[in-house]
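Quick caveat, the model's predicted, so the values are computed rather than measured. All residue numbers in this chain count up from 1 along the given sequence.
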Amino acid sequence: MNRFINAIGFQIGWFVCIASVRYDQEILALFFCGVLVGLHLFYSKVPLIDFKLSLIALVLGVVVDSSLQYFSVISFYGWGLGPLSPFWLWMVWVM
């Protein structure tokens with residue numbers, strides 16, 4: 001996939017995730033970003049490798065962001081599982 005289009009898609013997805021917290025529309029943001037990720041994987045030349053990299057980024061991101069939140073370095077808002085970082089932030093790492 002064209003790197004420029006991919007970068008623009010990430011920036012739009014990131015902004016949608018941030019704005020969704022402000023306007024309580026996280027489900028729509030997760031759906032929108034999921035569509036972006038799906039489109040990327042559909043047009044990717046190596047979708048399995050991209051999928052595996054996304055999973056690695058997701059695990060790394062959840063560990064890092066949840067640790068930062070747990071130790072009160074930063075507070076995230078939004079839906080999450082207990083002490084873990086919110087779902088919208090997970091989607092940013094996947095993107």
Side-chain angles (χ1 to χ4, degrees):
M1 183 175 237
N2 186 327
R3 290 182 187 184
F4 179 73
I5 293 172
N6 199 12
I8 295 298
F10 173 80
Q11 290 300 319
I12 292 169
W14 177 87
F15 182 76
V16 167
C17 284
I18 298 299
S20 74
V21 176
R22 171 74 172 107
Y23 298 106
D24 295 324
Q25 299 294 322
E26 291 176 64
I27 292 175
L28 292 174
L30 294 174
F31 177 75
F32 178 78
C33 292
V35 169
L36 287 178
V37 170
L39 285 171
H40 172 78
L41 292 174
F42 181 77
Y43 288 107
S44 174
K45 293 178 182 173
V46 285
L48 185 59
I49 292 173
D50 287 348
F51 180 74
K52 288 179 183 179
L53 285 173
S54 292
L55 287 180
I56 291 169
L58 174 63
V59 171
L60 178 66
V62 169
V63 168
V64 169
D65 290 338
S66 297
S67 297
L68 290 171
Q69 184 167 280
Y70 179 78
F71 292 112
S72 299
V73 175
I74 192 167
S75 291
F76 298 111
Y77 298 100
W79 297 344
L81 293 174
L84 297 178
S85 60
F87 297 128
W88 66 266
L89 197 53
W90 296 14
M91 188 57 78
V92 171
W93 281 97
V94 170
M95 286 190 307

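Partner P86 forms a side-chain contact (heavy atoms from CB on, under 4.5 Å) with one of F76, Y77, W79 and no other, that one being F76.
Atoms CE and CG, on M95 and L58 in that order, are 12.0 Å from each other to the nearest 0.5 Å. Distance check, rounded to the nearest 0.5 Å: CD1 of I12 to SG of C17 gives 12.0 Å. Here CH2 of W90 is found 11.0 Å from CG of D65. Values are rounded to the nearest 0.5 Å. Annotation: the span from S20 atom OG to E26 atom CD amounts to 5.0 Å, rounded to 0.5 Å. Note that the OH atom of Y70 and the OG atom of S85 stand 15.0 Å from one another [nearest 0.5 Å].
Counting heavy atoms from C-beta outward, H40 and L36 have side chains that stay 4.5 Å or more apart. Put simply, the side chain of F51 reaches to within 4.5 Å of the side chain of L41, judged on heavy atoms.
Annotation for M91 and L30: closest pair CE-O, 3.7 Å, computed over non-hydrogen atoms. Scanning all heavy atoms of the two residues, the minimum distance from S54 to V94 falls at OG-O, 3.4 Å. Scanning all heavy atoms of the two residues, the minimum distance from S44 to D50 falls at OG-OD2, 2.6 Å.
Two different hydrophobic clusters hold I56 and V62 under the rule that ILVMFWY side chains link at heavy-atom gaps under 4.5 Å. Criterion: ILVMFWY side-chain heavy atoms under 4.5 Å apart, direct or through other members. Under it, L55 and F10 are part of a common hydrophobic cluster. Note: the hydrophobic cluster containing F87 does not contain L28 (ILVMFWY, side chain heavy atoms under 4.5 Å, direct or indirect links). In terms of hydrophobic clustering, with Ile, Leu, Val, Met, Phe, Trp and Tyr side chains grouped at heavy-atom distances under 4.5 Å, F31 and Y23 are assigned to different clusters. A single hydrophobic cluster is seen to contain both I74 and I18, as judged by linkage of ILVMFWY side chains at heavy-atom distances under 4.5 Å, directly or through other members.
Counting non-hydrogen atoms of other residues, nucleotides and ligands closer than 6.0 Å to CD1 of I27 gives a total of 12 or fewer. Within 6.0 Å of atom CZ in F32, more than 12 heavy atoms from other residues, nucleotides or ligands are found, so the atom counts as buried in its surroundings. Annotation for W14: atom CH2 does not count as buried by contact number, only 12 or fewer foreign heavy atoms lying within 6.0 Å.
I49 shares a hydrophobic cluster with V46, L53; the chain of contacts runs through ILVMFWY side chains whose heavy atoms sit under 4.5 Å apart.
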